[in-house]
*Asks:* 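Okay, here's the structure, questions in a sec.
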2 protein chains.
Amino acid sequence: MSRKRLQKSADAPATVRTVAALAGVSIASASRVLNGIGGSTETVRRVREAAARVGYVPNAIARSLQARRTGLLALAVADIGNPVYVEMMRAIEEVAKRADYQLLVHATGADPEGETALLEGLARRYVDGMILSPLRIGDGHLTALGRSPVPVTVVGQLPDDAPFDNVRADSHGGVLLAIEHLADTGRKRIAFVNGAPDTLPGAARMTAYRAALTAVGLPYEEELVEIGDFQYAQGRAAAARLLARARPDAIFCANDLIAAGALHELLAGGLRVPQDVALVGMDDTALAEMSFPQISSVSLGAAERGRLAADLMLSRLENPQLAPRRETVAPTLTVRASSEVTL
Amino acid sequence: MSRKRLQKSADAPATVRTVAALAGVSIASASRVLNGIGGSTETVRRVREAAARVGYVPNAIARSLQARRTGLLALAVADIGNPVYVEMMRAIEEVAKRADYQLLVHATGADPEGETALLEGLARRYVDGMILSPLRIGDGHLTALGRSPVPVTVVGQLPDDAPFDNVRADSHGGVLLAIEHLADTGRKRIAFVNGAPDTLPGAARMTAYRAALTAVGLPYEEELVEIGDFQYAQGRAAAARLLARARPDAIFCANDLIAAGALHELLAGGLRVPQDVALVGMDDTALAEMSFPQISSVSLGAAERGRLAADLMLSRLENPQLAPRRETVAPTLTVRASSEVTL
DNA sequence: ACACTCGCCGGAAACGTTTACAAGACCGGA
DNA sequence: TCCGGTCTTGTAAACGTTTCCGGCGAGTGT
């Protein structure tokens with residue numbers, strides 16, 4: 001109406017008022033037409049034309065403010081470089097995109113302070129929900145989770161009574177799959193190269209390893225266990241230490257990066273894989289398939305966990321009243337060349 | 001003031017009005033205190049206390065609307081699974097985080113329609129800028145780039161006269177580095193396994209390969225060239241086709257995924273690497289280091305390109321008037337076991 | 001005692017949208 | 001002709017912030 005409005009510098013982005021003024025209708029009518037609700041044929045025509053003429057595009061922020069919904073989901077993982085998180089992220093992205101949500105990624109560096117800070121930050125409501133995959137979970141996490149005004153889905157082992165949507169891997173079952181497979185093919189001295197034992201996955205895989213040995217009737221031997229972190233370099237170094245002092249006939253690694261490192265050490269040491277030493281990794285990432293020989297690996301269903309986490313999130317966004325749910329995905333073993341021989 | 005205000009259901013998130021009312025000051029004063037601008041000691045105390053009491057956290061959306069700035073950067077790449085993009089993303093995330101920007105990732109699947117749609121979507125102003133790494137660039141891209149109300153930095157080969165911030169890899173120099181190295185170590189029949197030749201990188205690497213051969217005085221032989229896409233599986237298949245019909249003494253691959261595939265085929269065929277066939281990959285991702293033998297690879301500086309792109313973006317956000325800039329990052333060759341022998 | 005500056009404060013506008021509400025136009029049926 | 005209903009429209013409030021601006025009180029210098 002007022003000339004002031006119309007005088008705005010020409011290249012300032014068009015708003016709904018611009019369109020309304022140009023079409024000679026109220027902003028309410030303009031908004032309605034643009035959202036496809038009602039309007040007489042004539043009004044629709046005028047508004048559409050005006051919108052097209054000025055190239056009107058509604059401002060997402062203003063819309064979010066009014067709708068109290070951003071259309072964004074946050075994903076927080078320790079390291080976006082780790083292939084297992086990449087896989088998870090890919091799956092989540094896919095699901096989210098289909099529901100018209102977009103993904104905000106945070107790399108936490110496994111820093112618990114940072115993670116709780118992130119959770120506290122949710123109060124700012126810059127996203128509609130968060131999928132968090134922490135390596136460790138402290139009390140800080142739990143209270144922050146409780147305080148969060150937006151839903152959070154945790155991928156990882158949450159305490160059993162924690163009232164949050166939770167997607168878990170079955171570490172125990174997965175490790176058992178690997179150890180059984182190795183025992184079945186005649187291996188007697190099955191070593192284990194773990195990642196950081198003070199992380200949730202590290203701790204779980206360690207106890208699972210001992211339990212699995214017992215299950216298949218093999219003794220636990222201190223010297224057959226080495227630890228590094230979950231990265232390639234340290235995994236490889238750990239494998240080197242292991243091989244320097246012991247002579248396993250199989251090595252089970254807590255993830256594929258470690259397995260790739262172990263493979264390197266084995267081959268460099270002139271050992272044949274799988275004839276001399278069988279090798280099984282974990283996570284079944286692309287890396288397992290791209291190594292030579294290809295590495296057998298237990299999948300904990302990273303992609304599937306991602307999908308599930310996203311699904312849980314979406315359904316909760318639709319209906320916030322839902323009771324907390326817990327999903328566990330079943331592990332699967334893919335046998336490849338690195339363990340294909342029976343002794 | 002009005003009871004209506006104060007009667008809001010208790011667990012509705014506190015707003016600045018809640019705080020102001022509780023502290024007995026105007027919302028203007030409350031806002032000022034919360035932003036650390038002025039206020040008498042008494043007012044500051046009262047507002048701080050009120051804010052703490054109700055656990056006030058400012059709403060990011062409302063703030064964005066008012067500030068006309070979201071604090072978000074979008075990153076659009078073809079495939080967030082490709083390690084080279086992962087590396088780039090990591091670098092960008094790092095830089096962005098330091099400047100208090102957060103990353104929104106889009107996986108475009110190399111779909112040009114999708115990419116232009118994304119660019120058009122920028123008019124919604126849901127992010128402050130976008131870093132785009134397209135595999136192909138069409139007119140659609142250029143006009144969409146021109147229309148974008150927020151800055152876009154393109155990682156990849158843009159036409160020379162396109163007035164946008166642009167970070168480029170030096171494909172030519174990189175390929176030359178590889179071919180020279182192979183020629184220097186006595187290789188005469190240097191094969192090339194390319195990715196999709198209708199992409200920017202594919203086309204560039206192809207012409208660079210021919211030019212490099214000429215530069216080192218070797219003939220170009222049709223039968224020594226194979227193409228797949230930039231993924232592992234097709235790269236490997238392409239390498240298999242190549243080896244079925246020709247006997248190169250070296251293979252240069254257009255990226256590390258292809259190189260890993262070629263390595264697989266070579267070893268499976270009983271050929272020794274590097275004694276029989278030397279192998280050089282491109283992008284120098286973690287994969288090159290994790291293979292056995294480790295694969296020599298030419299880095300086109302993905303991380304560095306990411307960093308640069310982010311820097312360009314940040315500086316432009318600070319000062320939108322800047323003239324368009326173009327950065328090119330220098331390639332480097334890392335020689336590893338796969339090409340370490342001189343014939 | 002007066003003018004002036006300065007700091008603090010609150011009212012109100014602004015960012016750009018959607019939507020509740022009420023009023024007006026129009027139509028068909030009694 | 002009048003009445004009840006439907007459809008359309010515009011005014012204004014709301015989402016939650018920040019900020020412009022004018023007013024007011026206290027302090028200072030003359």
Side-chain angles (χ1 to χ4, degrees), chain A residues 1-2 4-9 12-47 50-51 54-71 123-126 128 149, chain B residues 1-2 4-9 12-47 50-51 54-71 123-126 128 149:
Chain A
M1 228 89 312
S2 69
K4 207 172 90 216
R5 272 276 150 253
L6 291 176
Q7 268 183 355
K8 280 192 147 185
S9 111
T15 78
V16 66
R17 330 181 81 97
T18 325
V19 174
L22 190 56
V25 303
S26 73
I27 61 170
S29 293
S31 173
R32 275 188 293 255
V33 168
L34 294 168
N35 289 313
I37 337 186
S40 70
T41 1
E42 174 60 7
T43 310
V44 169
R45 195 189 59 71
R46 296 237 302 273
V47 171
V54 298
Y56 171 74
V57 180
N59 179 301
I61 301 296
R63 205 196 278 252
S64 290
L65 178 59
Q66 147 75 28
R68 257 166 309 248
R69 148 175 201 298
T70 64
R124 290 169 39 217
R125 304 182 139 276
Y126 65 108
D128 295 337
Chain B
M1 229 81 325
S2 69
K4 206 172 90 215
R5 271 276 150 253
L6 291 176
Q7 268 182 355
K8 280 193 148 184
S9 113
T15 79
V16 66
R17 329 180 82 97
T18 326
V19 174
L22 191 57
V25 302
S26 73
I27 62 170
S29 294
S31 173
R32 276 188 293 255
V33 169
L34 294 168
N35 288 313
I37 338 185
S40 71
T41 1
E42 175 60 5
T43 310
V44 169
R45 194 189 60 71
R46 298 237 301 276
V47 171
V54 297
Y56 171 74
V57 180
N59 180 302
I61 301 297
R63 203 196 280 253
S64 289
L65 178 59
Q66 148 75 29
R68 257 167 310 252
R69 146 175 204 298
T70 65
R124 291 169 39 219
R125 304 183 137 272
Y126 65 107
D128 295 337

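Numbers restart at 1 for each chain; the letters A, B, ... are given by sequence-line order, proteins then strands. All values below come from the heavy atoms of this structure, side chains included, with hydrogens, waters and symmetry mates left out.
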*Asks:* So, OP1 or OP2 of D/dG16: does either fall under 4.0 Å of a side-chain N or O from A/Y126?
*Replies:* no
*Asks:* Using the side chain to side chain contact (heavy atoms under 4.5 Å, CB included) definition, which of the options A/V25, A/V33, A/V54 pairs with A/V19?
*Replies:*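 Exactly one candidate clears the test, A/V54.
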*Asks:* Between C1' on C/dC15 and CZ on B/R125, what's the gap in Å once rounded to a whole number?
*Replies:*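 Taking CZ of B/R125 and C1' of C/dC15, I get 12 Å after rounding.
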*Asks:* Grab the CG-C1' distance between A/N59 and C/dA14 for me, whole Å please.
*Replies:*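 It is 14 Å, rounded to the nearest whole Å.
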*Asks:* Within the distance-only criterion (no hydrogens, no angle test), does the side chain of A/S31 pair as donor or acceptor with the backbone N or O of A/A28 below 3.5 angstrom?
*Replies:* no
*Asks:* Does the side chain of B/R63 get closer than 4.0 angstrom to OP1 or OP2 of D/dG16 through an N or O atom?
*Replies:*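 Answer no for this pair, as no side-chain N or O of B/R63 is under 4.0 Å from OP1 or OP2.
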*Asks:* In whole Å, I'd like the distance from the CZ atom of B/R46 to the C1' atom of C/dG10.
*Replies:*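 For the pair B/R46 CZ and C/dG10 C1', the rounded distance is 14 Å.
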*Asks:* Calculate the interatomic distance between A/L34 atom CG and C/dT19 atom P; express it in whole Å.
*Replies:* 13 Å
*Asks:* Taking only side-chain nitrogens and oxygens of B/S40, does any of them come within less than 4.0 Å of OP1 or OP2 of C/dC9?
*Replies:* yes
*Asks:* Are any side-chain N or O atoms of A/N35 and backbone N or O atoms of A/I37, one a donor and one an acceptor, separated by less than 3.5 Å?
*Replies:*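 Checking the backbone N and O of A/I37 against the side chain of A/N35, no donor-acceptor pair under 3.5 Å is found.
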*Asks:* Knowing that exactly one of B/L22, B/L34, B/V47, B/T18 qualifies, which makes a side chain to side chain contact (heavy atoms under 4.5 Å, CB included) with B/Y56?
*Replies:*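 That would be B/L34.
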*Asks:* Suppose we screen for salt bridge (charged side-chain N to carboxylate O under 4.0 Å, His left out). Which residues come up paired with B/R124, at least two apart in sequence or across chains?
*Replies:* none
*Asks:* Who pairs with A/Y126 by side chain to side chain donor-acceptor pair (under 3.5 Å), at least two apart in sequence or on another chain?
*Replies:*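 With neighbours one apart ignored, the set is A/H106.
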*Asks:* Quick check on DNA chain C: between B/R68 and B/G24, whose nearest nucleotide comes earlier from the 5' end?
*Replies:* B/G24
*Asks:* Rounded to whole angstrom units, what separation is found between the CG atom of A/L65 and the P atom of C/dT18?
*Replies:*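 The answer, rounded to whole Å, is 12 Å.
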*Asks:* Could you pull out every donor-acceptor pair under 3.5 Å between side chains of residues 62-69 of chain B and any protein atom, sequence neighbours left out?
*Replies:*
{"residue": "B/S64", "atom": "OG", "partner": "B/A60", "partner atom": "O", "Å": "3.0"}
{"residue": "B/S64", "atom": "OG", "partner": "B/R69", "partner atom": "O", "Å": "3.3"}
{"residue": "B/R69", "atom": "NH2", "partner": "B/Y101", "partner atom": "OH", "Å": "3.4"}

*Asks:* D/dG16 P sits how many Å from A/I61 CD1, rounded?
*Replies:* 15 Å
*Asks:* With a 4.0 Å limit, can you tell me whether A/S26 has a side-chain N or O closer than that to the phosphate oxygens OP1/OP2 of D/dG10?
*Replies:* yes
*Asks:* With axes from five pairs an end, tell me the bend angle of the helix from C/dA1-D/dT30 to C/dA30-D/dT1, nearest 10°.
*Replies:* 60°
*Asks:* Describe the nucleic acid contact of B/V57 in one word from base, sugar-phosphate, nothing, applying a heavy-atom distance below 4.0 Å.
*Replies:* sugar-phosphate
*Asks:* How many angstroms lie between atom CD1 of B/I61 and atom OG1 of A/T70, to the nearest 0.5 angstrom?
*Replies:* 5.5 Å
*Asks:* Rounded to whole angstroms, how far apart are CZ on A/R17 and C1' on D/dT11?
*Replies:*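 Value for this atom pair: 12 Å.
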*Asks:* List for me each residue that meets salt bridge (charged side-chain N to carboxylate O under 4.0 Å, His left out) alongside B/R32, sequence neighbours excluded, and say none if there are none.
*Replies:*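 Expected list: none.
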*Asks:* What N/O pairs connect the protein and nucleotides 19-21 of chain D at under 3.5 Å? Give each pair on its own line.
*Replies:*
none

